[in-house]
Number of protein chains: 2
Amino acid sequence: MSLRHAILVLLQDQEASGYDLAREFANSIGLVWNATHQQIYLELGKLSEQDMVRYRHVPQEGKPDKKLYSLTDAGRAELVRWLKKPAGPARIRDAFMVKVAGGALADTQVLLSELDTLAKQRRERLATFEALAQRLDESGRDENVYNYLTVRRGILDQRAWLQWAEEVRHSLEHRSADSTAS
Amino acid sequence: MSLRHAILVLLQDQEASGYDLAREFANSIGLVWNATHQQIYLELGKLSEQDMVRYRHVPQEGKPDKKLYSLTDAGRAELVRWLKKPAGPARIRDAFMVKVAGGALADTQVLLSELDTLAKQRRERLATFEALAQRLDESGRDENVYNYLTVRRGILDQRAWLQWAEEVRHSLEHRSADSTAS
DNA sequence: AGGCGCATGTAAACGGTTACATGATTTG
DNA sequence: CAAATCATGTAACCGTTTACATGCGCCT
């Protein structure tokens with residue numbers, strides 16, 4: 001399990017609430033590891049019990065109070081320990097790809113429109129990441145190497161996907177031109 | 001849940017045993033969806049109860065008997081139904097990426113050697129996929145569009161990862177040159 | 001003799017998703 | 001007035017991994 005380690009990594013840079021972490025998981029890191037807020041609150045609870053994180057209670061006006069979590073020495077030690085041992089292989093669950101593999105039975109039009117939807121999302125992400133990369137590049141490239149590399153991965157990933165999407169569109173459109181009778 | 005649909009897609013082309021499916025999940029489709037044999041046997045059991053697959057018992061000599069599964073009409077209908085509704089977003093769990101993001105605390109040498117290990121695996125996969133793509137391209141490109149596209153995704157994915165790995169190596173080597181004192 | 005490949009399975013533990021619940025403030 | 005944002009949480013369920021179990025044949 002390394003949801004816990006993903007959380008520790010995020011807390012390494014800055015104090016954050018469970019809510020903040022959930023947002024980060026939905027954006028940048030989300031490409032690489034995802035988690036819902038319930039999962040995060042649960043894990044923060046466990047980490048806190050095990051003294052790997054501590055929190056301070058921050059009352060707010062208008063908004064609900066928040067708990068700002070930060071790493072303890074034990075948490076940092078755990079992170080360091082984990083960083084040393086080899087990571088398991090990456091796992092993915094890409095339902096759309098399963099669909100393409102089973103495409104013979106699928107409605108080409110449905111696949112094409114879904115492809116468009118996904119491509120749009122990817123293009124938006126790509127823009128976000130490119131903007132982020134530029135900002136990181138301007139403001140001190142050496143301190144932010146790790147963040148920069150993470151974002152670069154996101155960029156290359158989106159581009160590869162979009163390129164593939166072009167190939168798919170080409171093949172499918174060619175294919176649907178054959179069978180305009182259906 | 002669409003492990004079930006991934007299985008249905010695989011059975012669409014050919015009869016297979018649980019063991020066969022597990023192998024396919026470990027290879028080609030594994031890039032896109034993964035599952036262990038226990039999960040597959042369990043799901044095949046459920047699919048069989050729901051009459052979406054049937055099996056014939058094949059006794060073998062020397063080796064244990066096997067059950068060869070194939071799609072029923074109900075199974076094919078379920079696949080078609082699923083293919084029509086939009087797929088959820090792709091999910092990934094890439095532990096190595098989490099490590100890079102938390103790289104400030106990591107030992108650069110450890111990261112670099114892990115990068116090498118992963119790069120080697122990716123290069124092997126890339127070679128496998130490229131060989132497969134060529135074979136598909138030669139033997140009738142139109143019948144195999146869907147398989148071909150799936151393999152293309154694998155190829156583009158490996159290339160993007162390897163390109164990223166080059167950037168990471170560059171950054172990390174540069175970085176470790178600074179602090180040869182450690 | 002030991003390990004790998006074939007082939008199937010059970011059981012327990014753990015990880016993760018979905019639904020539900022609350023409640024103030026801001027934005028359309 | 002409805003919906004989104006901020007902020008936290010519980011409970012039930014489902015999906016997934018890990019460990020255990022069996023047994024023959026082949027290769028080193």
Side-chain angles (χ1 to χ4, degrees), chain A residues 1-8 10 15-27 29-30 32-50 53 55-69 82 87-95 98, chain B residues 1-8 10 15-27 29-30 32-50 53 55-69 82 87-95 98:
Chain A
M1 186 240 326
S2 56
L3 165 61
R4 78 184 301 123
H5 302 109
I7 291 175
L8 294 175
L10 289 174
E15 261 191 335
S17 68
Y19 195 88
D20 293 335
L21 292 174
R23 255 213 271 70
E24 292 190 66
F25 272 107
N27 300 334
I29 310 295
V32 140
W33 204 278
N34 42 37
T36 56
H37 68 111
Q38 296 83 345
Q39 220 180 135
I40 291 165
Y41 287 124
L42 195 82
E43 196 62 42
L44 282 173
K46 286 184 201 161
L47 284 167
S48 170
E49 263 176 41
Q50 293 164 34
V53 298
Y55 64 87
R56 54 196 189 90
H57 208 256
V58 179
Q60 294 184 117
E61 281 169 41
K63 296 171 183 179
D65 296 356
K66 56 162 110 174
K67 292 177 181 174
L68 282 181
Y69 290 86
W82 176 75
R91 274 172 280 155
I92 32 165
R93 302 273 146 132
D94 189 338
V98 175
Chain B
M1 185 240 328
S2 57
L3 166 61
R4 77 183 302 122
H5 302 109
I7 291 175
L8 293 175
L10 289 173
E15 261 191 335
S17 68
Y19 196 87
D20 292 335
L21 292 174
R23 256 211 272 71
E24 292 190 65
F25 272 107
N27 301 333
I29 309 295
V32 140
W33 203 278
N34 43 37
T36 56
H37 68 112
Q38 297 83 346
Q39 219 180 133
I40 291 165
Y41 286 124
L42 195 82
E43 197 62 43
L44 282 173
K46 286 184 202 162
L47 284 167
S48 172
E49 263 177 40
Q50 292 164 36
V53 298
Y55 63 87
R56 54 195 189 90
H57 208 257
V58 179
Q60 294 184 118
E61 282 170 41
K63 296 171 184 179
D65 297 355
K66 56 162 110 173
K67 292 177 181 173
L68 283 181
Y69 289 86
W82 176 75
R91 275 172 279 155
I92 34 165
R93 301 272 147 129
D94 188 337
V98 175

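No experiment lies behind these values; they were computed from the predicted model shown. Below, chains carry the letters A, B, ... as their sequence lines are ordered, and counting in each starts from 1.
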Between [N] atom [atom2] and [X] atom [atom1], what is the distance in whole Å?
X       : N      : atom1 : atom2 : answer
B:Leu42 : C:dA11 : CG    : P     : 12 Å
A:Tyr55 : D:dG9  : OH    : C1'   : 13 Å
B:Tyr41 : D:dG15 : OH    : P     : 20 Å
A:Glu43 : C:dG15 : CD    : P     : 8 Å
B:Ile40 : D:dT17 : CD1   : P     : 10 Å
B:Tyr19 : D:dG23 : OH    : P     : 18 Å
A:Phe25 : C:dG16 : CZ    : C1'   : 13 Å
B:Leu3  : D:dC14 : CG    : P     : 16 Å

Closest-nucleotide ordering on DNA chain C, the 5'-leading residue of A:Thr36 and A:Pro64 = A:Thr36

key: Residue met sooner reading DNA chain C from 5', once A:Trp33 and B:Arg23 are mapped to nucleotides   = B:Arg23

Look at [X] and [N] and indicate whether a side-chain polar atom (N or O) is within less than 4.0 Å of OP1 or OP2.
X       : N      : result
B:Lys63 : C:dT8  : no
A:Arg91 : D:dT16 : no
A:Ser17 : D:dT8  : yes
B:Gln39 : D:dT17 : yes

inquiry  = By the 4.0 Å heavy-atom rule, please label B:Gln60 as base, sugar-phosphate, or nothing.
reply    =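 Sugar-phosphate, backbone atoms only, no base.
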
inquiry  = Over all strands shown, is A:Arg4 touching base, sugar-phosphate only, or nothing at heavy-atom distances under 4.0 angstrom?
reply    =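 The residue A:Arg4 makes no contact with any strand.
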
ask   = Do the side chain of B:Arg91 and the main chain of A:Trp33 share a donor and acceptor less than 3.5 angstrom apart?
value = no

Do you know the tightest heavy-atom contact between [X] and [Y]?
X       : Y       : answer
B:Ala90 : A:Asp94 : CB-CG, 3.7 Å
A:Ala95 : B:Ser2  : CB-OG, 4.3 Å
A:Ala6  : B:Val98 : CA-CG1, 3.7 Å

task = Compare the minimum distances between each of C:dA7, D:dT17, D:dA7 and the side chain of A:Lys66, then state the nucleotide with the smallest one.
result = D:dA7

key: Greater than 12 external heavy atoms within 6.0 Å of A:Tyr55's OH   =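 No, not enclosed.
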
